[in-house]
Amino acid sequence: MVGSVVILVTSAPYGRENAYGGLYTAIASLDSDLRTVVVLTGDGVYSALRGQSGEKSLGYPTIGDLFHRIHPRAKIYAESSSLNERGLGKADLIEIVEPIEDRELLEVFVKYGEAIITY
Amino acid sequence: MKSLTLYLLSGPYTSQCTDIACELAQRALEKGYRVNLFLYIDGVHVPKKGQRTLKFPNVENRLKKLVPKGLSIKACVRCASARGYVEGEVPELETDTFPTTQYVEGASITEIYAFPAWIKESDKLISLGG
Amino acid sequence: MRFIFLLTASLKSARAEACLKYVFSARMGGHQVAFYLAGDGVFCAIGKHPSSKLSDLLSNGGEIYARKEDLEARGLLSQVLAGVEIPSDFYDKLIEDVMEGADRVMSF
């Protein structure tokens, strides 16, 4: 039976519900005692930017706040190649999000990807 | 018996993913696997009653054939409520589902926690759409 | 490990780009890779697409399967890259592989 899940967020926050939905599911997985890892890739890395104000500006839940409900129970990674393509670095991210190289990311899928869900 | 959970994030007709989910469910049921379908984001539109298609295969009819073969269908209450499917405030005690008259028989609305519960019971998961 | 990838998005989409990155990463990491193409994913199976790297995957031991009905609908049957298999029942094969053969399943 499945004991771990990787939540893979590929979509940018706010324009679509996917990023929020993925992080909401991550919280439910953690609450249900599933080992959970969140990986942000492609435009999903924008979910980890500092200084978001979803509530104040759009009336939408601020995506970055969800990370603090996930960490430290689960690791949150932002794919380095996706960050680089977008001119972003560690300093641009919410502090609890860790950049991860491709080779290390493969190991995350191997170790924790009994279920892998793409948002 | 091995279990497969399908996780669908897209609504019917807007993408091919709903048809793909139904095809996967059908094959898996025919092979004797237990199959769960969890609906999230716009996937919660999939089991709506009263679908009348002119040119495209009717998803409602598809589900009506798959449910008697053993397909279990649940939809997330956060997503279903936002889209107007929940018709009461509290879960029905006996089934722990939220009331709706808008879904085909066999489909229910539940807390998101039903999804990780299914994940834990399953051997494999395939996510589609979004 | 045996990785199964299912792609239903077209080749130049963000989803396809992410998928292909992980397909090659898994293969280069020494894992078995089976790449299933359905829906708009079958556009990846076009042999003459300049961005398609699937011939590299095939020459590196990857398996690629494309759904016949989706190829036919899109007028692509005659353009499929050599080495891509077209199963008689794609979903039957995919389910069998997922449930009995796969260690990891990723879909895009």
Side-chain angles (χ1 to χ4, degrees), chain A residues 1-44 46-47 54 58-61 63 65-66 69-70 73-74 108-119, chain B residues 1-11 14-17 20-21 24 28 33-46 74-85 91 96 98 109-130:
Chain A
M1 298 303 153
V2 172
S4 64
V5 61
V6 173
I7 303 284
L8 189 65
V9 178
T10 71
S11 303
Y14 304 111
R16 302 177 67 196
E17 200 181 341
N18 290 31
Y20 179 83
L23 298 176
Y24 189 83
T25 303
I27 294 166
S29 297
L30 286 164
D31 289 348
S32 305
D33 296 322
L34 267 168
R35 278 171 301 168
T36 304
V37 176
V38 175
V39 175
L40 311 174
T41 182
D43 283 343
Y46 289 126
S47 304
L58 297 173
Y60 292 4
I63 300 288
D65 291 350
L66 294 179
R69 292 177 58 189
I70 293 170
R73 292 188 290 168
V108 168
F109 293 139
V110 167
K111 198 169 174 189
Y112 299 108
E114 292 173 44
I116 302 172
I117 309 173
T118 306
Y119 290 88
Chain B
M1 186 194 297
K2 285 189 177 180
S3 287
L4 170 68
T5 291
L6 300 168
Y7 185 57
L8 182 57
L9 284 78
S10 294
T14 194
S15 92
Q16 208 175 341
C17 288
I20 294 172
L24 290 171
Y33 299 118
R34 188 176 301 126
V35 184
N36 305 317
L37 175 63
F38 196 86
L39 304 168
Y40 199 56
I41 306 184
D42 278 348
V44 301
H45 292 301
V46 166
K74 292 183 182 178
C76 164
V77 65
R78 180 187 71 82
C79 305
S81 178
R83 289 154 178 81
Y85 291 109
D96 212 17
F98 291 81
I109 299 173
T110 66
E111 293 279 3
I112 181 71
Y113 294 103
F115 177 51
W118 266 353
I119 294 178
K120 287 163 83 172
E121 290 168 8
S122 295
D123 294 89
K124 291 291 185 320
L125 178 140
I126 301 175
S127 71
L128 290 160

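Letters go in sequence order (proteins before strands), and every chain restarts at 1. Owing to the predicted nature of the structure, the values given are computational and were not obtained by experimental measurement.
Taking the side chain as every heavy atom from C-beta outward, A:Met1 and B:Asp123 approach each other to under 4.5 Å.
Only the side chain of A:Leu34 comes within less than 4.5 Å of a heavy atom in chain B; its backbone stays farther off. Heavy atoms closer than 4.5 Å to chain B are found nowhere in A:Ser4, neither backbone nor side chain. Looking at B:Ile119, the atoms closer than 4.5 Å to chain A (heavy atoms on both sides) sit in the backbone and in the side chain alike.
With B:Tyr40 contributing its side chain and A:Gly21 its backbone, the two residues share a donor-acceptor pair below 3.5 Å.
Between B:Gly130 and A:Asn18, the shortest heavy-atom distance links the atoms C-ND2, 3.1 Å. Smallest separation of non-hydrogen atoms from A:Ser32 and B:Pro116: OG-CG, 3.3 Å.
More than 12 heavy atoms of other residues, nucleotides or ligands lie within 6.0 Å of OH in B:Tyr33, so this atom counts as buried by the packing criterion. No more than 12 heavy-atom neighbours from other residues, nucleotides or ligands sit within 6.0 angstrom of CZ on A:Arg69. Annotation for A:Lys111: atom NZ does not count as buried by contact number, only 12 or fewer foreign heavy atoms lying within 6.0 Å. Within 6.0 Å of atom OH in A:Tyr14, more than 12 heavy atoms from other residues, nucleotides or ligands are found, so the atom counts as buried in its surroundings.
Annotation: maximal heavy-atom pairing with chain A below 4.5 Å, among B:Leu128, B:Ile126, B:Ile41, occurs at B:Ile41.
In this structure, the separation between CG on B:Leu9 and CD on A:Glu17 is 9.0 Å, given to the nearest 0.5 Å.
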